[in-house]
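Here is the structure we will look at.
Each chain gets a letter, A, B and so on, in the order the sequences are listed, and its residues count up from 1. As a basis for the values below, the full set of heavy atoms in this structure was taken, side chains included, without hydrogen atoms, waters or symmetry mates.
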There are 2 protein chains.
Amino acid sequence: MRIGELAAASGTTTKTLRFYEHAGLLPPPKRTSSGYRDYTTAAVARLDFIRRSRTAGLTLAQIREVLDIRDAGREPCQHVHDLLQTHLHDLDRQIADLQELRHTVAHLHDRAATPDPTDCDATTVCRYL
Amino acid sequence: MRIGELAAASGTTTKTLRFYEHAGLLPPPKRTSSGYRDYTTAAVARLDFIRRSRTAGLTLAQIREVLDIRDAGREPCQHVHDLLQTHLHDLDRQIADLQELRHTVAHLHDRAATPDPTDCDATTVCRYL
DNA sequence: CTTGACCTTCCCCTGCACTGGAACGTCCAG
DNA sequence: CTGGACGTTCCAGTGCAGGGGAAGGTCAAG
């Protein structure tokens with residue numbers, strides 16, 4: 001299977017596939033006599049895993065950790081569990097930060113609901129921020 | 001006032017000040033005979049506005065818009081109000097997206113609570129993702 | 001035999017907001 | 001007069017996940 005076929009089968013691009021190979025997420029495939037990459041169907045499953053992981057918001061570095069464990073012949077399940085737990089905490093913190101920011105911005109927005117430009121002096125630029 | 005003093009007075013760095021000047025956020029100040037930047041106290045107020053705007057999560061491009069309006073001699077208050085409204089909607093969308101992602105990840109995490117590695121085959125890498 | 005689709009490697013570019021460092025000039029205290 | 005703290009310009013890199021495009025090789029169809 002050539003790189004274009006794999007890209008179509010996995011819903012990505014040839015650029016991304018070469019990038020993943022360079023980033024250590026995809027093992028370098030065999031080459032045809034003319035130098036073309038020649039993938040097995042295992043690559044489709046691997047790319048599906050990568051896609052699922054990306055959907056879950058994992059970074060390529062985190063995904064590579066999991067793949068490295070699997071490629072070393074071990075079961076990555078426990079590591080995946082830990083990773084998801086950390087990720088969950090990260091998400092909670094991000095959400096809390098954004099909600100706090102939203103609160104601040106909503107307050108500023110209310111204050112600026114009936115702006116009185118004469119109240120804003122040029123040195124302060126705008127008092128509603 | 002030299003660049004180091006302004007940096008100290010505004011709680012930032014000389015690197016950032018030169019970067020802001022280059023980015024069009026700070027007007028190029030006068031220079032001393034030896035070529036040193038020589039700021040007035042107005043720069044402190046302007047940097048305070050930039051700091052407040054950054055705290056509200058605005059990008060430098062958005063802040064520059066506001067500054068450009070003020071520098072053109074107009075009152076930026078209405079534009080600030082519109083900007084805050086757009087920003088509020090962006091934040092709502094970001095929060096909603098993150099909450100949806102959190103749901104997905106929480107579900108995956110629960111599924112992986114009692115991982116059974118024998119259930120994971122190598123081609124799938126890990127079924128808990 | 002040639003056209004066009006596909007493949008190869010290579011390096012640079014994107015957005016965001018800076019940060020690091022090199023190579024050099026200036027200023028003040030001791 | 002020398003050392004150190006400050007200033008100057010300019011170039012490059014950071015993290016993230018690729019994308020753009022050049023210059024060339026390969027392959028099947030017409």
**Item:** Those residues of residues 58-69 of chain A lying under 4.0 Å from DNA chain D by at least one heavy atom
**Value:**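 DNA chain D contact set from residues 58-69 of chain A: A:Thr59, A:Leu60.
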**Item:** DNA chain D-proximal residues of residues 97-105 of chain B, any heavy atom under 4.0 Å
**Value:**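 The answer is none.
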Taking salt bridge (Lys or Arg N to Asp or Glu O under 4.0 Å) as the test, write out the residues that go with [X], two or more places apart.
X: A:Asp68; result: none
X: A:Arg31; result: none
X: B:Arg64; result: none

**Prompt:** Is the closest side-chain donor-acceptor distance between A:Thr32 and A:Ser34 under 3.5 Å?
**Reply:**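 Distance-only check passes for A:Thr32 and A:Ser34.
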**Message:** With a 4.0 Å cutoff (strictly under), does any side-chain N or O of B:Tyr20 reach OP1 or OP2 of C:dC18?
**Reply:**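 Checking C:dC18 against B:Tyr20, a side-chain N or O does come within under 4.0 Å of OP1 or OP2.
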**Message:** In the structure I gave you, are the side-chain heavy atoms of A:Leu6 and A:Thr12 within less than 4.5 Å of one another anywhere?
**Reply:**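 They are not in contact (no side-chain heavy atoms under 4.5 Å apart), so the answer is no.
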**Request:** Please list all pairs passing the salt bridge (charged side-chain N to carboxylate O under 4.0 Å, His left out) test where one or both residues lie in residues 86-101 of chain A, with sequence neighbours left out.
**Result:**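 Applying salt bridge (charged side-chain N to carboxylate O under 4.0 Å, His left out) to every pair that reaches into residues 86-101 of chain A, excluding sequence neighbours, yields A:Asp92-B:Arg102, A:Arg93-A:Asp97.
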**Message:** Quick test of your reading: applying salt bridge (charged side-chain N to carboxylate O under 4.0 Å, His left out), list the pairs with at least one residue in residues 71-89 of chain B, sequence neighbours left out, ordered by first then second residue.
**Reply:**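 Those involving residues 71-89 of chain B are B:Arg46-B:Asp71, B:Arg70-B:Glu75.
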**Message:** Once side-chain contact (heavy atoms from CB on, under 4.5 Å) is applied, do any residues pair with A:Asp110, and if so which ones, sequence neighbours excluded?
**Reply:**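 Partners of A:Asp110 under the side-chain contact (heavy atoms from CB on, under 4.5 Å) test: none.
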**Asked** Atom CZ of B:Arg2 and atom CG of B:Asp38: how far apart are they, to the nearest 0.5 Å?
**Response**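 It is 10.0 Å, given to the nearest 0.5 Å.
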Please tabulate, for side-chain N and O atoms in residues 14-22 of chain A, each donor-acceptor pair with protein atoms closer than 3.5 Å (sequence neighbours left out).
| unit_1 | atom_1 | unit_2 | atom_2 | d |
| --- | --- | --- | --- | --- |
| A:Thr16 | OG1 | A:Thr13 | OG1 | 2.9 |
| A:Glu21 | OE1 | A:Arg37 | NE | 2.8 |

**Prompt:** Going 5' to 3' along DNA chain D, which nucleotides are the first and last within contact of chain A (any atom under 4.0 Å from a heavy atom)?
**Reply:**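 From 5' to 3', the first and last contacting nucleotides are D:dA17 to D:dC27.
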**Fill in**
Whether each nucleotide of nucleotides 2-13 of chain C has a protein heavy atom under 4.0 Å at its base (B), only at its sugar-phosphate (S) or at neither (-) is summarised, 5' to 3', as ----BSBBB---
**Asked** C:dT19 C1' sits how many Å from B:Leu17 CG, rounded?
**Response**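 So the two atoms are 13 Å apart, to the nearest Å.
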**Item:** Axis bend over the full length of the helix from C:dC1-D:dG30 to C:dG30-D:dC1, computed from five pairs that close each end, to 10 degrees
**Value:**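 The end axes of the helix from C:dC1-D:dG30 to C:dG30-D:dC1 are about 40° apart, to the nearest 10°.
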